[in-house]
Trainee: 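Encoded as structure tokens, here's the structure I'll be asking about.
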Amino acid sequence: MPNPASYRPAPGTIPTDPGVYRFSDPAGTVIYVGKAKNLRQRLNSYFADPAGLHFRTQTMVRTAAKVEWTVVRNELESLQLEYTWIKQFDPRFNVKYRDDKSYPWVAVTWAEEFPRVFVGRGAKRKGNRYYGPYAQAWAIRDTIDSLLRVFPMRSCTNGVFRAAKASGRPCLLGYIGKCSAPCVGRIDAEDHRAIADDVCDFLAGNTTQLIRRLRTDMLAASDNLEFERAAVLRDQLGALESATERNAIVLGDGTDADVIALASDELEVAIQIFHVRAGRVRGERGWVADRSDDSSLDELVESFCLQLYSNPEIELSGGVPKEVLLPVEPASGSALEELLTDVRGGRVRVHVPQRGAKLALLETVARNAKEALVLHKTKRAADLSTRNQALEELQEALGLEAPPLRIECYDISHLQGTEVVGSMVVFEDGLSRRSEYRRFVIRTVEGSNDVGAIHEVISRRFRRYLDDQASLSGETAMLVDATTGAARKFAYKPSLVVVDGGAPQVAAAQAALAELGITDVPLVGLAKRLEEVWLPGEEFPLILPRASEGLFLLQRARDEAHRFAITHHRGRRSASMVESLLDGVPGLGELRRKALLKHFGSLKKLRAASVEDIALVPGIGPRTAQAVKDALAASEPGEAVNTATGEISS
């Protein structure tokens, strides 16, 4: 581990101007990015007595081997540069805010002919309208249930919709009045979309006009002696008002704002945010992060805002609002306000409320943050200690110099030697890091040759590593591409390489490393049969205890690599099947085949599509769509047997 004194800048060489600095480790990886009003004063504090530093700051300066800085003119420029570098380098010692759970959202599939409303989590898709996120799934599901009594739009899955359409009978929701049953023609697409538009208006907060319209219709029906219809409208009005009450108005001036508060101790910080739109709380989210240094409250708030509004997912939650309410002024003062104004493309006000409803709401968010921190600590104690135990067990069992903080695992997937692909997954600090995953299409090996494929994958990965290292030279060495500014994909050396397989696969990987002259990367193989750990050159495997946390971590990495490889293989196999089946369709060239696959995603979805759906693909007209449908019908598969379960499928 480097001695901080070995790379400390000479006295007097650090400027006293404002600027942004970065610490890098011996491999050139940027591990920390910070900014300062006075660079000399801030950087000298890192090289003071280590006993006076925060524990993680001590670890950072001892891990680093170099410090560099860039002088800027003012606070706004330093904030912008720090914002850019944190996104670009993702430094491991900067505070990283991670969701404390996956929050549900409401989606309306607006791109479909008959839009569907549903509650979901996770990744979002194009063509849908999203509302939320919301704190509790049960609350928003209850709201949607009440809403369907007023606006009976479709909420069933595509499978249920097609089955009802084929049978001519609606599902239960159609019979009890919670769906207008477009599947059986009770309502046409235009009228159903109007209902869906009302649902979207409600979810977006435009409830006043909806309630006024229902009340007017109810009174008109009563005046016309249509008492049954008036009673139905009365019940709908009650259901709508009940659903509206769940989104209580908290700010009477119709404010669009994000209200942010935090709670912290010496080790961790919890952040809570309420998304207020049109004066109503539309959703709330929470993050918990390890504190990497002894940053003050204003610095933590500013760091969080930078990460929150640099996240592309924020656009799906309404983007940067007109106001951001904080518990303290940010460290850079008005510079954060100017930066968010640039991001939003319109005026953003960042301030600390002093009185009234906004201060009361901020106090509520702060209480939520304190409760979240307490809950997180009780949950995480076992999880953190388990991960540390797993890394320590692997270090001891494999005789490593340090715990394997970065583990890379490789696997090969194919079907009887066709469409051979490889996968690389990465685990850092015992957790998967999906942004670092990589896929390989095997080029030099044909047939069912897993050993040769492993050799190719390891060779390609570490040849890229050597190439990237060779390009790093001089004081300006950075782990980014000089032409595009993107991070180099293979510039990091793992602490441990794991291959899926036994002695042959390990020998192939070791040979690939030896051919490249790499001797300082530990390597093991994990065989599925008895979960044996194979080391290079050893005649017998290492058997870890079944209850070993280290073995469990290796299994998780191996299984994730297997899943990632199979997903890639299935995608390529589906693409090749589409191309082969459609090879003889007149008027369908390579570009149109690729357009079909890109639009539908798989052969299964293409088979299920109608001629009209296929004709909607750019470049595919009705005549070509019919030819595609005929070609697929001619090659319709019959019964198939799942070789793993014996189950017969069609």
Trainee: For the pair Glu393 (side chain) and Gly550 (backbone), establish whether a donor and an acceptor sit closer than 3.5 Å, ignoring hydrogens and angles.
Mentor: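 Judged by distance alone, yes, a pair lies under 3.5 Å.
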Trainee: Run the ring pair (Phe, Tyr, Trp, His ring centres under 6.0 Å) test against Tyr437 and tell me which residues pass, sequence neighbours left out.
Mentor: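 Ring pair (Phe, Tyr, Trp, His ring centres under 6.0 Å) list for Tyr437, sorted by chain: Phe564.
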Trainee: Do Asp411 and Arg563 sit within salt-bridge range, that is, some charged N less than 4.0 Å from a carboxylate O?
Mentor: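 Arg563 and Asp411: not salt-bridged.
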Trainee: Apply side chain to side chain contact (heavy atoms under 4.5 Å, CB included) to residues Phe274 and Leu361 and explain how you reach the verdict.
Mentor: CA-CA 9 Å; Phe274 279 18; Leu361 180 59; 3.8 Å; yes
Trainee: So does Glu515 pair up with Arg463, basic N to acidic O under 4.0 Å?
Mentor: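 So Glu515 does not pair with Arg463 through a salt bridge.
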Trainee: Minimum heavy-atom separation for Pro327 and Leu362, please, with both atom names.
Mentor: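 In this case the closest contact between Pro327 and Leu362 is CA-CD2, 3.9 Å.
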Trainee: Listed by chain and number, what are the side chain to side chain contact (heavy atoms under 4.5 Å, CB included) partners of Glu363, not counting sequence neighbours?
Mentor: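 With sequence neighbours excluded, Glu363 shows a side chain to side chain contact (heavy atoms under 4.5 Å, CB included) to Leu359, Arg367, given in chain and number order.
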Trainee: For Arg125, check salt bridge (Lys or Arg N to Asp or Glu O under 4.0 Å) against everything at least two apart and list the hits.
Mentor: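 Per chain and number, Arg125 pairs via salt bridge (Lys or Arg N to Asp or Glu O under 4.0 Å) with no residue.
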Trainee: Quick one: do Val72 and Asp17 satisfy side chain to side chain contact (heavy atoms under 4.5 Å, CB included)? Show the steps, please.
Mentor: CA-CA 7 Å; Val72 297; Asp17 302 307; over 6 Å; no
Trainee: Tell me if the aromatic rings of Tyr21 and Tyr46 count as close, with their centers under 6.0 Å from one another.
Mentor: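 Aromatic pair counts; centres sit under 6.0 Å.
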Trainee: What about Phe93 and Phe23, are their ring centers closer than 6.0 Å?
Mentor: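 Judged by ring-centre distance (under 6.0 Å), Phe93 and Phe23 do not meet the cut-off.
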Trainee: Is any side-chain N of the basic residue among Arg434 and Glu560 closer than 4.0 Å to the acidic one's carboxylate O?
Mentor: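 Answer for the salt bridge query: yes.
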Trainee: Assess the side chains of Asn128 and Tyr130: does a donor N or O sit below 3.5 Å from an acceptor N or O?
Mentor: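 Yes, a side-chain donor-acceptor pair sits under 3.5 Å.
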Trainee: Got a sec, which residues hit side chain to side chain contact (heavy atoms under 4.5 Å, CB included) with Thr16, two or more places apart in sequence or on another chain?
Mentor: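 By the side chain to side chain contact (heavy atoms under 4.5 Å, CB included) rule, Thr16 matches Asn38, Arg40.
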Trainee: Looking at Glu549 and Arg387, is any side-chain nitrogen of the basic one under 4.0 Å from a carboxylate oxygen of the acidic one?
Mentor: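 Salt bridge between Arg387 and Glu549, a charged N being under 4.0 Å from a carboxylate O: no.
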Trainee: Could you work out, with salt bridge (Lys or Arg N to Asp or Glu O under 4.0 Å) as the rule, every residue matching Arg355, not counting sequence neighbours?
Mentor: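 Counting only residues at least two positions away or on another chain, Arg355 forms no salt bridge (Lys or Arg N to Asp or Glu O under 4.0 Å).
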Trainee: Which pairs count as salt bridge (charged side-chain N to carboxylate O under 4.0 Å, His left out) when at least one residue sits in residues 330-340, sequence neighbours excluded?
Mentor: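 Passing the test, one end in residues 330-340: Glu337-Arg347.
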Trainee: Under 6.0 Å from the six-membered ring centre of Trp69 and within 45° of its axis: does the NZ or CZ of Arg22 meet both?
Mentor: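 No; the conditions do not both hold, so Arg22 does not lie above the ring face of Trp69.
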